[in-house]
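Here is the structure we will look at.
These numbers come from a predicted model, not from an experiment. Naming: A, B, ... by sequence-line order, numbering from 1 per chain.
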Amino acid sequence: MSASPFPPGLAPATAPARPKLVVIGAGMASGRMLEHLLEAAPGRFDITLFNAEPRGNYNRLMLSPVLSGEKTYAEIVTHDDAWYAARGVTCRFGEAVTAIDRDRRTVRTARGDTPYDALVIATGSAPFILPVQGRDLPGVVTYRDLEDTEAMIATGVAGKDAVVIGGGLLGLEAAAGMAARGARVTVVHLMGHLMERQLDPAAGYLLQRDLERRGITVHCKGATKAILGTDRAEAVLLEDGTVYPADLVCMAVGIRPETRLATDAGLEVARGVMVDSTLRTSDPHIFALGECVEHDGQLFGLVAPLYDQAQVLAATLLGQEAAFAPVQTATKLKVTGCDLFSAGDFADAPDREDIVFRDPGRGIYKRLVLKDDRILGAVMYGDTADGSWFAGLMKDGTDIRATRDTLIFGPGAGKADPLAAVAALPDAAEICGCNGVSKGAIAGAVRGGACTLEAVRTCTKASASCGTCTGLVEQVMKLTLGDDFAAPAPAGMCKCTDHSHEDVRRLIKSMALKSIPAVMQELGWTTAGGCASCRPALNFYLLADWPLEYRDDRQSRFVNERNHANIQKDGTYSVVPRMWGGVTTPAELRAIADAAEKYDVPMVKVTGGQRIDLLGVRKEDLPRMWADLNAAGMVSGHAYSKGLRTVKTCVGTEFCRFGTQDSTGLGIRLEKLLWGTWTPHKVKLGVSGCPRNCAEATCKDVGIVCVESGYQVSVAGAAGMEVKATELIAAVPTEDEAVEITTAFIQLYREHARYLDRPYKWVPKVGLSWVIAQVVDDLPNRRALVARFEVSQSVYRRDPWAEHARPEERTKWGPMADLSLEAAE
Amino acid sequence: MNMIDIGPLSNIPREGARVVKTRLGCVAVFRTATDQVFALQDRCPHKGGPLSEGIVHGTHVTCPLHNRVFDLSTGLGEGEVPTYAARVEGGRVLIDSTLLSRSAA
Ligand code: SRM
Ligand SMILES: Cc1cc2nc3c(=O)[nH]c(=O)nc-3n(C[C@H](O)[C@H](O)[C@H](O)COP(=O)(O)OP(=O)(O)OC[C@H]3O[C@@H](n4cnc5c(N)ncnc54)[C@H](O)[C@@H]3O)c2cc1C
Ligand code: SF4
Ligand code: FES
C-alpha cells in the first residue's frame with residue numbers, strides 16, 4: 001500500500017494547489033504533530049486548524065499549577081498566535097466542527113463547510129458526567145480545560161467547601177489545587193483506595209494519609225447519590241447517607257474518548273476512533289491521534305504515547321514509513337509532597353512474584369512485580385528516586401537474577417528493620433492501655449536502670465495488668481537497650497507479619513490505623529494483600545476499634561459472615577431467624593412454616609440454642625426468603641457470626657413455681673441490646689430463673705442465674721470442644737446492674753481479645769481479677785465500656801438480611817450468567 | 001479461541017467471585033484485587049466445596065469448607081481444579097465459549 005496519505009488515484013487533481021490538511025482539535029497531540037510536520041516540510045500543506053476552545057494549544061498538564069496559583073495561563077501556552085502566523089496555519093479557534101461529510105470531503109462548522117484532502121481528528125476526550133440528580137446545577141464543574149480551571153478559581157474557593165468526586169489523578173490535582181487556594185476540600189472516591197488504576201492499596205493508603213495531613217478529607221467507597229441544591233450546588237449526598245456541604249462540586253470520574261464526529265460520519269469506532277499503526281482510520285483520507293483514538297484495543301490517557309503518535313502521524317502524512325507501538329508509561333502525580341510512581345503491570349498473577357519493601361517510619365512503600373527474573377511493574381510511594389532506574393530495567397527487560405536480593409533497595413542499598421514500627425512511634429504514644437503508660441515513660445524507666453521486664457512492670461506498671469502489651473514493652477526495651485536486651489520473639493499472627501495479634505491490636509490504637517492497607521503498611525506486612533488468616537482478623541480489629549470511621553470489608557470475611565447464612569456441605573445454606581430469648585409466637589411459626597414450604601426446605605430443625613433452623617436453602621433463594629421472614633417481623637439470628645448468637649432462657653417467674661426473677665424478660669432484654677455486634681469469636685448467653693439452672697447458663701460465655709437477692713453474673717464458660725463452668729464475677733441486686741456488667745464484659749472482650757479466642761480462652765490470659773476490676777469494681781470504667789459499646793451498636797445493631805433482601809441487591813445472589821440455557825452452537 | 005461475554009467486570013466484587021451456570025456445571029469467575037479474572041470449576045476436588053465462596057488472596061482462593069488453597073490460574077493446590085480461559089476486554093468479562101457448546105459430561 002502507498003505510504004502517501006492519498007490512495008492511488010485520489011491525489012488532488014489540481015497539481016499546483018497544495019493539499020488541504022484540516023485538523024480538528026488544537027490540543028497537545030495535534031500540537032506536537034504540527035510541530036513535526038512543519039519542521040520537516042514547511043509549506044507542504046495548506047493547513048486549517050479548528051478548535052472548540054477559543055484559543056490555540058497550551059500545556060494541559062499544567063492546568064493544575066494554574067489552579068493552585070503557582071503559574072498563570074500565559075506561562076503554559078505552547079503555541080501562541082505568532083507561532084501559527086509564522087507557519088501559515090489558518091486558525092479557526094472557538095469554532096467547533098459539527099459534522100464530517102466523507103463523500104464531499106468537507107467539515108462543517110457554524111460558519112459553513114471547509115474542504116479537505118486529508119483530515120486529522122484530534123478531539124481528545126470529554127469528561128464523564130455521573131448521571132445523578134443535580135449534575136446540571138451551577139457550581140458543578142468538570143476538569144478538562146482552561147474554562148473549568150477558571151470556573152474553579154472564580155468561585156473564590158478560599159474558606160468555602162469544595163467536593164471533588166473522583167480520586168484519580170485529575171480529581172486529586174483538582175483537590176490539591178483548591179486546597180492550596182484555601183478551600184475545605186473533600187474527595188469522594190467510589191473505590192476502596194485512591195488512584196486504584198495506578199496504585200495498589202498500600203500505596204493508595206499512603207497517598208490518602210498525605211492528603212489528609214494537608215487538610216483534605218478523603219471518603220473512599222463513597223458512591224455519589226445526588227448533588228443537592230435549589231439554585232446552585234449546596235451539598236453532595238452519598239448512597240450511605242453522608243452529606244458533604246459543597247459550594248463547588250468538581251466531577252473528575254473519568255474521561256471518554258471524544259468520538260461523536262467520527263461515529264456520526266460512519267467511521268469505525270469502538271471505545272475510541274479505530275486507527276491502525278500508521279494512525280489511519282477506516283477512511284483512507286482520515287487520520288486520528290490523541291486521546292480520542294483506540295489502537296489495538298488500547299485507549300490513552302497520558303501524554304507520552306500521544307507524542308509518539310504525533311511523530312508517526314507526521315511521517316505518515318509525509319508519505320514516510322512509520323508505525324506506532326505503545327510503550328508502558330509511568331504515572332506521577334503533580335501534587336507537591338505526594339511522591340508516587342507507578343509503571344507497568346502490577347496485577348497479581350500466579351506466575352509472578354512480588355518483592356515488597358516497607359519503611360513504616362519514613363512512610364515508604366515499594367513493590368516490584370517480577371516474572372521470569374524480569375521486572376514487569378513497579379509501584380512506589382514516599383521515595384521514588386529509583387523509579388526511573390526500575391523503569392529502565394523494566395523497559396530493557398534486564399535479567400535481575402543476580403541482584404534480586406538487594407534489588408528493591410535500588411542502585412544503593414538499605415535494610416528492613418523489624419523494629420521500625422515501634423521506633424517510629426512518638427514518645428507520647430500509649431503502649432499500655434490499661435495503665436496509660438507511654439513509650440517515653442517506658443524508655444525513661446529503662447534508662448533509669450530497669451533492665452528486665454519485671455523491673456519495668458514494677459516501676460511503670462506497663463504490661464502489669466492484662467499483659468497483652470508485653471510484646472510491645474519488650475520492643476521498646478530492645479530499642480532503648482540495644483543488643484543488651486534479648487526480647488523473646490513473639491509468634492506472628494500469620495506468615496505475613498512477625499507481629500503478634502496482641503501487638504497488632506495495640507498498635508492499631510496507638511498509631512490510629514484505620515484501614516487494612518494502613519495496618520499492613522505501618523506494621524510492615526511482608527505480603528502485598530495479606531492472607532485468608534490475617535484479613536478477617538484485621539477486619540474485626542478495625543471495626544471494633546473504629547466503629548464510626550472504619551467500614552466493614554465484606555471480601556475479608558469468611559463465607560458464612562459474607563453471606564449471612566451458614567454454608568452446608570453441599571453448598572446450600574441454613575437460615576436461622578432470631579427468636580428473642582427462645583420465645584416465639586404462632587404468627588412467627590406460621591411464617592417460618594410458609595417459608596419452609598415455599599423454598600422447598602429439606603429439613604426444619606430445632607437447634608440446641610432454642611430456635612429453628614431451616615437447612616438446605618439455595619443461595620439465590622436467600623434474599624427472597626429473608627424478605628418473607630422480615631415481613632413477619634423476624635431478623636437474622638446471626639447463627640453464622642463471630643458475634644452474638646443466642647440468649648438461652650428458662651420460663652422464670654412468669655410461669656415457673658420456683659422462679660425468682662423474670663429470666664425470660666431479662667434474656668430478651670439482653671438479646672435486643674447485644675444483637676448485631678461483632679466479637680472476636682461467637683458469644684452465647686444463658687439466663688436461668690433459679691439455681692436449678694434449666695437454661696444451662698453456667699456453661700455459656702456469660703451466664704446469669706437469678707436468685708432471691710438478685711442476679712449472679714458469671715463468665716467464660718464453655719460446652720463445646722472443652723467443657724468449663726463459668727466463674728462468678730458479680731452478684732448484684734438489680735436487673736439494670738446485671739445488664740450493665742454483661743454489656744461492659746462484652747465490650748472489654750471486643751476491645752482486648754485476639755481474634756478467634758472465645759472468652760473461656762481469653763479470660764485466663766488476662767486474669768479473672770483484672771476482668772472483675774474493669775467491669776465490676778471500677779464503676780466509671782464500666783460505664784465508659786458501656787458507652788463505647790453503644791457507639792458501636794449505633795452502627796451495627798441492624799438487620800443484615802433486610803439490607804441484602806432489597807430488590808436491587810437480589811440479583812447479586814444468583815449466577816452472573818446462565819449459559820446452560822443458551823443454544824449450543 | 002472463541003470467547004463469550006458474560007457481563008461487566010463490575011458485577012464481580014474485587015477479591016471475590018461470581019458463578020456462571022454451564023452445561024458442565026457451575027464455573028466460578030474470580031476477580032483479584034488488581035482486576036485479573038480467572039475461571040475455574042466451582043467444585044473443590046476435596047469434597048465439592050463451592051470455591052466461589054472462598055476468601056480470595058492474591059491469586060489464590062481458600063476453599064470455604066475445609067480451607068484447602070488453590071492457585072487460580074493453574075487450578076493446582078491440594079488436588080487440581082479444571083480451569084477455563086477468561087479475560088477482561090473493555091470492562092467486560094469473557095470466558096471460553098466451549099463452556100457453552102459442550103454437552104454435559
Ligand atoms: C445448628 C446447631 C446444632 C443444632 O442443630 O442444634 C449448631 C451447628 C453448628 N455448630 Fe454448634 N451448633 C449449635 C449449637 C451449639 C452449642 C449448644 C448451644 O449453643 O447451646 C454448642 C456448645 C456451646 C458452646 O458454644 O460452647 C456448640 C458448639 C460449637 C462449636 C465449639 C465451640 C467451642 O468454642 O468449643 C463449634 C466450632 C466453632 O465454632 O469453631 C460449632 C460450630 C457449628 C457449625 C457452625 C459448624 C460449621 O462451622 O459449619 C454448625 C453449623 C450448622 C448450620 O449450618 O447451622 N458449634 N454449638 C446449633 C445452633 C444453635 C443456634 O441456634 O444458634
Ligand atoms: C488537569 C489535567 C492534568 C493532566 N496531567 C497530566 C500529566 O501529569 N501527565 C500526563 O501524561 N497527562 C496529563 N493529562 C492528560 C493530558 O493532558 C492529555 O492526555 C492530553 O492533553 C490529550 O491530548 P489530545 O490532543 O488528545 O487532547 P486535548 O489536549 O484535550 O485536545 C483536544 C482539543 O480538541 C478540541 N475539540 C474537541 N472536539 C472538537 C470539535 N468537535 N471541534 C473542534 N475542536 C474540538 C478540544 O476543545 C481540545 O482543545 C492531564 C490532563 C488534565 C486535564
Ligand atoms: S456437633 Fe455441631 S459441628 Fe459437629 S456435626 Fe453436629 S452440628 Fe456440625
Ligand atoms: S471441600 Fe474444599 S477443602 Fe474440603
Side-chain angles (χ1 to χ4, degrees), chain A residues 190-193 196-197 200-201 270-271 294 297 299 345-352 354 369 377 379 496 527-536 553-560 562-563 567-573 619-620 811-825, chain B residues 2 4-8 11-27 29 32-36 38 42-43 47-50 52-65 67 69 71-74 76 89-91 93 95 97-104:
Chain A
L190 185 61
M191 305 310 293
H193 67 271
E196 79 285 350
R197 290 199 300 161
D200 61 6
R271 286 175 298 154
E294 176 170 339
L299 298 177
D345 179 357
F346 55 89
D348 293 316
D351 52 349
R352 298 178 183 182
D354 272 338
V369 179
V379 189
C496 308
T527 53
C531 71
S533 157
C534 58
R535 289 234 311 272
D553 179 22
R554 198 164 168 233
Q555 296 311 128
S556 290
R557 286 192 176 276
F558 177 65
V559 54
N560 290 356
R562 187 173 350 107
N563 290 343
I567 196 160
Q568 306 295 307
K569 61 180 191 172
D570 62 354
T572 61
Y573 290 84
K619 185 183 177 192
E620 53 264 45
T811 52
K812 295 180 188 161
W813 294 77
M816 177 170 169
D818 189 348
L819 305 181
S820 63
L821 300 175
E822 311 229 356
E825 294 171 78
Chain B
N2 281 331
I4 178 164
D5 185 332
I6 54 160
N11 274 3
I12 310 175
R14 278 221 170 95
E15 303 186 297
R18 288 292 297 275
V19 162
V20 175
K21 283 193 176 168
T22 77
R23 282 158 205 265
L24 294 177
C26 285
V27 169
V29 185
T32 66
T34 45
D35 286 352
Q36 300 261 104
F38 297 99
D42 194 20
R43 266 184 68 81
K47 292 195 172 171
S52 57
E53 298 293 356
I55 291 183
V56 178
H57 41 102
T59 48
H60 289 84
V61 64
T62 300
C63 176
L65 293 196
N67 297 329
V69 180
D71 187 321
L72 291 173
S73 85
T74 58
L76 293 173
E89 220 173 86
V93 179
I95 62 172
S97 68
T98 50
L99 285 168
L100 180 88
S101 56
R102 251 187 264 162
S103 59

task = Go through the atoms of A:T527 and report whether side chain, backbone, both or neither lie under 4.5 Å from a heavy atom of chain B.
result = neither
message = If I take atom OG1 from residue B:T62 and atom CZ from residue A:F558, how far apart are they, to the nearest 0.5 angstrom?
response = 10.0 Å
inquiry  = Heavy-atom pairs under 4.5 Å with chain A - which of B:E89, B:E53, B:E15 has more of them than the others?
reply    = B:E53
Under 4.5 Å from a heavy atom of chain A, the part of B:V27 involved = neither
inquiry  = Counting only non-hydrogen atoms closer than 4.5 Å, does B:I6 touch chain A with its backbone (N, CA, C, O), its side chain (CB onward), both, or neither?
reply    = both
Contact leader toward chain B among A:N563, A:D200, A:T811, where contacts are heavy-atom pairs under 4.5 Å = A:N563
query = At a heavy-atom separation under 4.5 Å, does A:P536 approach chain B through its side chain, its backbone, both, or neither?
reply = side chain
ask   = For B:R14, is it the side chain, the backbone, both, or neither that has a heavy atom closer than 4.5 Å to a heavy atom of chain A?
value = both
ask   = Which region of B:D71, side chain (C-beta onward) or backbone (N, CA, C, O), has a non-hydrogen atom less than 4.5 Å from a non-hydrogen atom of chain A, or is it both or neither?
value = side chain
key: Residue part contacting chain B, namely of A:R197, when any heavy atom lies under 4.5 Å   = neither
remark   = On a heavy-atom basis, the closest approach of B:R23 and A:L819 is NE-O, 4.4 Å
query = More than 12 non-hydrogen atoms from neighbouring residues, nucleotides or ligands closer than 6.0 Å to CZ on B:R43, yes or no?
reply = no
query = chain A heavy atoms under 4.5 Å from B:T22: which part of the residue, side chain, backbone, both or neither?
reply = both
note = Of A:R271, A:K619, A:R562, the largest count of non-hydrogen pairs under 4.5 angstrom with chain B goes to A:R562
message = Report which part of B:P50 has an atom under 4.5 Å of a heavy atom belonging to chain A: side chain, backbone, both, or neither.
response = side chain
Region of B:Q36 in contact with chain A, defined by heavy-atom distances below 4.5 Å = side chain
note = In terms of heavy-atom contacts, B:L65 and A:Q568 come closest through CD2-O, 4.0 Å
Working for side-chain contact (heavy atoms from CB on, under 4.5 Å), residues A:Q555 and B:V56 = CA-CA 8 Å; A:Q555 296 311 128; B:V56 178; 6.0 Å; no
key: A:E196 versus chain B, the contacting section by heavy-atom distance below 4.5 Å   = side chain
